[in-house]
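Have a look at the structure below before the remarks.
A quick note: this is a predicted structure, and the numbers were derived from the prediction, not measured. Numbers restart at 1 for each chain; the letters A, B, ... are given by sequence-line order, proteins then strands.
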Number of protein chains: 2
Amino acid sequence: MEKGVLRAAATRSALFSQLPPAETSRLLDASSLRQFPAGQALFHQGDVPEYLFQILSGLVRVTQLNSEGEQITLRIMRPGDLCCVAAFRQRSYPATATAIKATSVLAWRTNSFVALTQQSPALADNVVCIAGDRTREMLQRATEMTGKCIAQRIAASLLRLSAQAGVRTPAGIHIESPVTRIDLASMAGLTYFTVSRTLSAWQKQGLVKSGRHRLTILDISRISEIAEPRIGAG
Amino acid sequence: MEKGVLRAAATRSALFSQLPPAETSRLLDASSLRQFPAGQALFHQGDVPEYLFQILSGLVRVTQLNSEGEQITLRIMRPGDLCCVAAFRQRSYPATATAIKATSVLAWRTNSFVALTQQSPALADNVVCIAGDRTREMLQRATEMTGKCIAQRIAASLLRLSAQAGVRTPAGIHIESPVTRIDLASMAGLTYFTVSRTLSAWQKQGLVKSGRHRLTILDISRISEIAEPRIGAG
DNA sequence: CGTCACCTTGATGGATATCAAAAACCGTGG
DNA sequence: CCACGGTTTTTGATATCCATCAAGGTGACG
């Protein structure tokens, strides 16, 4: 792929939104292009934040170690996403980011990125917006996990996956990252046995289609209803 | 209480950190002082964000409605805390904030606050730092809730409470907000029966002391160990 | 001193984790 | 094309934990 093409794509993301041309090029000039093969970590939980990343191509899984020593999948990041807003002004990365596929990113050193935000109010505002989005998402995730019924937790995880790694196809929404039962279990806080049973049941009802590493959501509206049985407002 | 005293206190918070005097007064001048009696809401989940609040005195509970229609307590906010960074650039408040005690706040209209951040890089940076903190906290909360063992969830909730509403006393860390078993249950995603049983057991072991609406953590280190049995790194 | 709200404790059932084993899937190499 | 081995997934049996239901106790406050 061409550098120019990737950079053009980068500027269509939330980070570059509404930025004057001069600031766009300043931001691009300050970045470096980096590549990560599948399986390699962009950064590790606990490390001192050195870089801020914008994903250009590929797919990244963000995980956190829970108290039992398991890697909990927090979210999947795709091209256009900023990784990780929450950490670049903190003492350490709160999570680990690993490339699922071969991934290319724009990288900024944290301190030079801070300098850039100080020179550009529009950029600073974009960062605040993105950080707010991320907080909101994690807030909702935390609330979803308190739900008693497991079906709701799994359905919520599927919705999140479809938003973060879903591709519309004629058949339904296909999840492009390879998703094992173990991955889903770690997102929903369940065992993979339970996930398997639930998915089997849903497959019989035509809600999803899933095989080895593969997952397609056939009926997103019914999954949504399972995740959030209608009460009052949203 | 005097306005001047409250405002002096406000400027010692994270929002005003490292701000040049001129910007400090500009920020203060743009704010209005508002009071909320106990039980009144600062804002409701779903409403369009109109104000950003900095708490001067009192105590505020932030809750979110889960899919079963229960109010889940997400965190407690105390004087010095900014409420809510996650929402002021969003379409709606993701949660409800309610005064637990009589509470006074500095309030900024969201759009005038955005204007202020655009004029002050230092202020924008502070907001980014606070937003990062908040995201990180919710991230960790989301992970904690996936833990299977309930003792861990309750212990984690106690630690969070002690950080957000705890006061050091000779006897231990006293939680200043009135905490019912129901409140704790809504933080940990459990029933209040289970919380009651666990707290009773811990009281017999001398870890906590709790009565009607009252809660004191006697042995925070053992509670920490329950919340996070040591594995590798943190 | 009575009422109300909160807290405790016990008994029970159901949902889900755990253990165990077999089946499906995929890539590989014959 | 087919057989093989490892990994993932499915399914079943059992045990455990926690929600639920029920009843009684305790403290606060009028």
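- Residue-to-nucleotide proximity on DNA chain D shows that, of Ser196(A) and Ile150(B), the 5′-proximal contact is made by Ser196(A).
- Across all strands, Arg212(B) comes closer than 4.0 Å to base atoms (heavy-atom distances).
- For the side-chain contact (heavy atoms from CB on, under 4.5 Å) criterion with Arg153(B), the lone passing option out of Thr146(B), Thr194(B), Leu190(B) is Leu190(B).
- Between Arg181(B) atom CZ and dA19(D) atom P there is a gap of 15 Å when expressed in whole angstrom units.
- Relative to the axis of its first five pairs, the axis of the last five pairs of the helix from dC1(C)-dG30(D) to dG30(C)-dC1(D) sits at 30°, rounded to 10 degrees.
- No side-chain heavy atom of Gln71(B) sits less than 4.5 Å from a side-chain heavy atom of Arg61(B).
- Using cut-offs of 30° and 60° on the angle between ring planes, the pair Tyr93(A) and Phe43(A) is parallel.
- One side chain, Thr73(B) or Ser186(B), offers a donor N or O that lies under 3.5 Å from an acceptor on the other.
- No engagement by Leu199(B) is indicated, since no non-hydrogen atom pair under 4.0 Å with the nucleic acid exists.
- Computed from coordinates, the Leu215(B) CG to dT8(C) P distance equals 11 Å when rounded to whole Å.
- Remark: C1' of dT9(D) and CD of Gln203(A) are 11 Å apart, rounded to the nearest angstrom.
- Residue Ser200(B) places at least one side-chain N or O closer than 4.0 Å to OP1 or OP2 of dT9(C).
- In terms of polar N and O atoms assigned as donor or acceptor, the side chain of Arg197(B) comes within less than 3.5 Å of the base of dT20(D) in a complementary pairing.
- Looking at heavy atoms from C-beta onward, Arg75(A) lies out of side-chain contact with Arg141(A) at the 4.5 angstrom threshold.
- Distance check: Ile217(B) CD1 to Thr169(B) OG1 gives 10.5 Å after rounding to the nearest 0.5 Å.
- With DNA chain C read from its 5' end, the first of the two nearest nucleotides for Thr191(A) and Ser210(B) is the one closest to Ser210(B).
- Here dC6(C) presents its C1' atom at 12 Å from CZ of Phe193(B), a figure rounded to the nearest Å.
- Distance, Leu184(B) CG to dC18(D) P: 16 Å, rounded to whole Å.
- Residue whose closest nucleotide on DNA chain C sits further toward the 5' end, between Gly189(A) and Tyr192(A): Gly189(A).
- The separation between His213(A) atom NE2 and dT9(D) atom C1' is 10 Å, rounded to whole Å.
- One interatomic measurement links the two molecules: CD of Gln152(A) to P of dT16(C), which rounds to 11 Å at whole-angstrom precision.
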Evaluate the criterion side chain to side chain donor-acceptor pair (under 3.5 Å) for residue pair Ser177(A) and Arg78(A); output intermediate values, then yes/no. CA-CA 10 Å; Ser177(A) 88; Arg78(A) 56 160 49 163; over 6 Å; no
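- As judged by a 4.0 angstrom heavy-atom cut-off over every strand, Leu190(B) is placed among residues touching the sugar-phosphate backbone only.
- An OP1 or OP2 oxygen of dA17(C) is reached within less than 4.0 angstrom by a side-chain nitrogen or oxygen of Thr194(A).
- In this structure, Asp183(B) places its CG atom 11 Å from C1' of dC6(C), rounding to the nearest Å.
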